Amino acid sequence: MKVKAKKHLGQHFLRDMFVSENIANLLSGHGHYDTVLEIGPGTGVLTQFLLPKTQYQIYVVEIDRESIAYLNIHFPALKDRIIDGDFLQIDLSKPLDNSASKEPVNVAIIGNFPYHISSQILFKALEYKDIVPEIVGMFQKEVAMRVASPPGKKDYGILSVLLQAYYDIEYAFTVPPEAFEPPPKVQSGVIRLKRNSVKALDCDEALFKQVVKTGFNQRRKTLRNALKPLGISFEHPLLDKRAEQLSVADFVVLTQLVQHE
């Protein structure tokens, strides 16, 4: 049975076994989890390296019925662990096995993510940051670099700040187009995100997001000008900088100032 890659699902099937194994081996167990959810397994090229890791319960979520049929035939060990659906619609606070237990469990997320929804996947995981201690994923290289970028770099942006507020992020390695079938037109990058010790930011977290997004919306301007839509009237040295120059801690300070104005 051959599964055809579907353009509308953004499918590019990984075929390089060395890359697949390296991605699987990036799971570190950080955050004390025993459940791993793979997003978009396709034909199981990554899954085959996850299943031998018996310290984890491996689940997969797949939206493509043809891929699900393939997985059922070729990976009997996944019986009852294939979730037919859209990851973006899953409530991660509920048990993946649909058991009666109501206690949310820590779950690591891994996958060769569909590039057209990769940022949405990260924002979805961020909603469940208290039970998602680790994320290992393949992204379009520019997205991976953006997520992992430190302040002061051109890649540093909204995604960088919002994720780095709660996760320590490392860029692992680059993957060339020929590692896929069909090959994408871009290079890919693999990153690992490990939950940091921040339980909650020392500011209004909704306002923090608003300040970050507003600041980067006009990233070439100083924050004094970029944040005008928020109606700020205070003075502070941070306002003389551009958004890309501020660390997460700086944005927290700036949000406190806006909050107490």
Side-chain angles (χ1 to χ4, degrees), residues 31 87-89 92-93 109 113-135 137 139-172 186-187 189-261:
F87 170 75
L88 298 178
Q89 304 301 321
L92 290 177
S93 67
I109 292 170
F113 302 145
Y115 294 167
H116 66 297
I117 60 165
S118 61
S119 295
Q120 292 171 263
I121 288 171
L122 286 173
F123 281 127
K124 168 85 172 187
L126 196 54
E127 289 176 31
Y128 294 93
K129 58 187 179 293
D130 293 333
I131 58 170
V132 179
E134 187 164 56
I135 305 165
F139 300 80
Q140 185 172 329
K141 185 180 179 182
E142 65 178 42
V143 175
M145 291 184 69
R146 193 179 307 148
V147 173
S149 175
K153 301 289 186 181
K154 63 180 177 63
D155 298 315
Y156 188 68
I158 295 170
L159 205 55
S160 321
V161 177
L162 296 184
L163 287 163
Q164 289 174 29
Y166 304 100
Y167 287 90
D168 296 326
I169 303 167
E170 56 186 302
Y171 186 97
V186 295
Q187 286 200 318
V190 177
I191 56 175
R192 176 169 60 191
L193 301 85
K194 292 180 178 179
R195 187 73 169 87
N196 62 25
S197 60
V198 175
K199 298 297 182 190
L201 298 180
D202 193 19
C203 64
D204 181 309
E205 296 192 356
L207 183 59
F208 174 81
K209 288 181 187 177
Q210 188 180 5
V211 169
V212 171
K213 289 178 179 179
T214 306
F216 278 103
N217 277 345
Q218 299 186 69
R219 62 184 297 150
R220 296 190 179 209
K221 294 186 176 181
T222 63
L223 286 162
R224 179 176 286 101
N225 292 317
L227 295 181
K228 277 184 178 177
L230 299 183
I232 61 169
S233 59
F234 60 85
E235 279 299 323
H236 192 279
L238 286 175
L239 295 176
D240 295 323
K241 297 184 176 184
R242 296 188 304 276
E244 67 192 42
Q245 296 175 286
L246 268 62
S247 66
V248 170
D250 290 334
F251 272 110
V252 169
V253 170
L254 196 54
T255 303
Q256 290 171 338
L257 292 167
V258 175
Q259 191 175 337
H260 295 120
E261 189 178 17

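Please read these numbers as outputs of a predicted model, since none were measured by experiment.
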Inset, instruction - Identify the heavy atoms of S160 and D155 that sit nearest to each other, and give their distance. - result: OG-O, 3.8 Å

Contacts table for residues 245-256: side-chain donor-acceptor under 3.5 angstrom, sequence neighbours left out:
unit_1: Q245; atom_1: OE1; unit_2: R242; atom_2: N; d: 2.7
unit_1: S247; atom_1: OG; unit_2: A249; atom_2: N; d: 3.4
unit_1: S247; atom_1: OG; unit_2: D250; atom_2: N; d: 3.1
unit_1: S247; atom_1: OG; unit_2: D250; atom_2: OD2; d: 3.2
unit_1: D250; atom_1: OD2; unit_2: S247; atom_2: N; d: 3.1
unit_1: T255; atom_1: OG1; unit_2: F251; atom_2: O; d: 2.7
unit_1: Q256; atom_1: NE2; unit_2: D202; atom_2: O; d: 2.7
unit_1: Q256; atom_1: NE2; unit_2: D202; atom_2: OD2; d: 3.4

Inset, instruction - With rounding to the nearest 0.5 Å, note down the distance linking NZ in K221 to CG in L227. - result: 11.0 Å

Legend entry - ring-ring contact (aromatic ring centres under 6.0 Å, His included): pairs with one or both residues in residues 227-249, sequence neighbours excluded: none

Inset, instruction - Can you see which heavy atom on A144 is nearest to which on G189, and at what distance? - result: CB-O, 3.8 Å

Inset, instruction - For the residue pair N225 and Q218, establish whether any side-chain heavy-atom pair is separated by less than 4.5 Å. - result: no

Inset, instruction - For S118 and Q140, test the side chains for any donor-to-acceptor distance below 3.5 angstrom and give the result as yes or no. - result: no

Legend entry - Closest non-hydrogen atom pair, F208 against C203: CB-SG, 3.9 Å

Inset, instruction - Only pairs at least two apart or in different chains count here, so list each salt bridge (Lys or Arg N to Asp or Glu O under 4.0 Å) that has a residue in residues 223-238. - result: R224-E235, R224-D240

Inset, instruction - Evaluate the side-chain proximity of L163 to F123: yes if any heavy-atom separation is below 4.5 Å, no if none is. - result: no

Inset, instruction - Report the residues that fulfil side-chain hydrogen bond (donor to acceptor under 3.5 Å, both in side chains) with E244, sequence neighbours left out, ordered by chain and then residue number. - result: R219

Inset, instruction - Could you walk me through whether I232 and L239 pass side chain to side chain contact (heavy atoms under 4.5 Å, CB included), step by step? - result: CA-CA 10 Å; I232 61 169; L239 295 176; 3.7 Å; yes

Legend entry - Any side-chain heavy-atom pair of L162 and L122 under 4.5 Å: no

Inset, instruction - Quick one: which residue pairs count as a salt bridge (Lys or Arg N to Asp or Glu O under 4.0 Å) with a foot in residues 119-129, not counting sequence neighbours? - result: none

Legend entry - Counterpart residues, ring pair (Phe, Tyr, Trp, His ring centres under 6.0 Å), relative to F139 (two or more places apart): F113

Legend entry - Nearest heavy atoms of Q164 and V147, plus distance in Å: NE2-O, 2.9 Å

Legend entry - Over all atoms of both residues, closest heavy-atom pair of I158 and F216: CG1-CB, 3.6 Å

Inset, instruction - To the nearest 0.5 Å, tell me how far L126 CG sits from S119 OG. - result: 12.0 Å

Inset, instruction - Find the distance between CD1 (I169) and CG (L193) and round it off to the nearest 0.5 Å. - result: 4.5 Å

Legend entry - Partner residues of E170 under the salt bridge (charged side-chain N to carboxylate O under 4.0 Å, His left out) criterion, sequence neighbours left out: R192

Legend entry - Contacts of type side-chain hydrogen bond (donor to acceptor under 3.5 Å, both in side chains), residue Q89, not counting sequence neighbours: none

Inset, instruction - Under the side-chain contact (heavy atoms from CB on, under 4.5 Å) rule, collect the residues that match up with D204, sequence neighbours excluded. - result: A206, L207, Q259

Inset, instruction - List for me each residue that meets side-chain hydrogen bond (donor to acceptor under 3.5 Å, both in side chains) alongside E142, sequence neighbours excluded, and say none if there are none. - result: none

Legend entry - Short side-chain to backbone donor-acceptor contact, R195 and Y166, under 3.5 Å: yes

Legend entry - Between CD1 on residue I121 and CD1 on residue I109, distance to nearest 0.5 Å: 8.5 Å

Inset, instruction - Mind checking side-chain hydrogen bond (donor to acceptor under 3.5 Å, both in side chains) for S197 and listing every partner two or more places apart, or none if nothing turns up? - result: none

Inset, instruction - Could you tell me which residues satisfy side-chain contact (heavy atoms from CB on, under 4.5 Å) with D168, sequence neighbours excluded, listed by chain and number? - result: N196

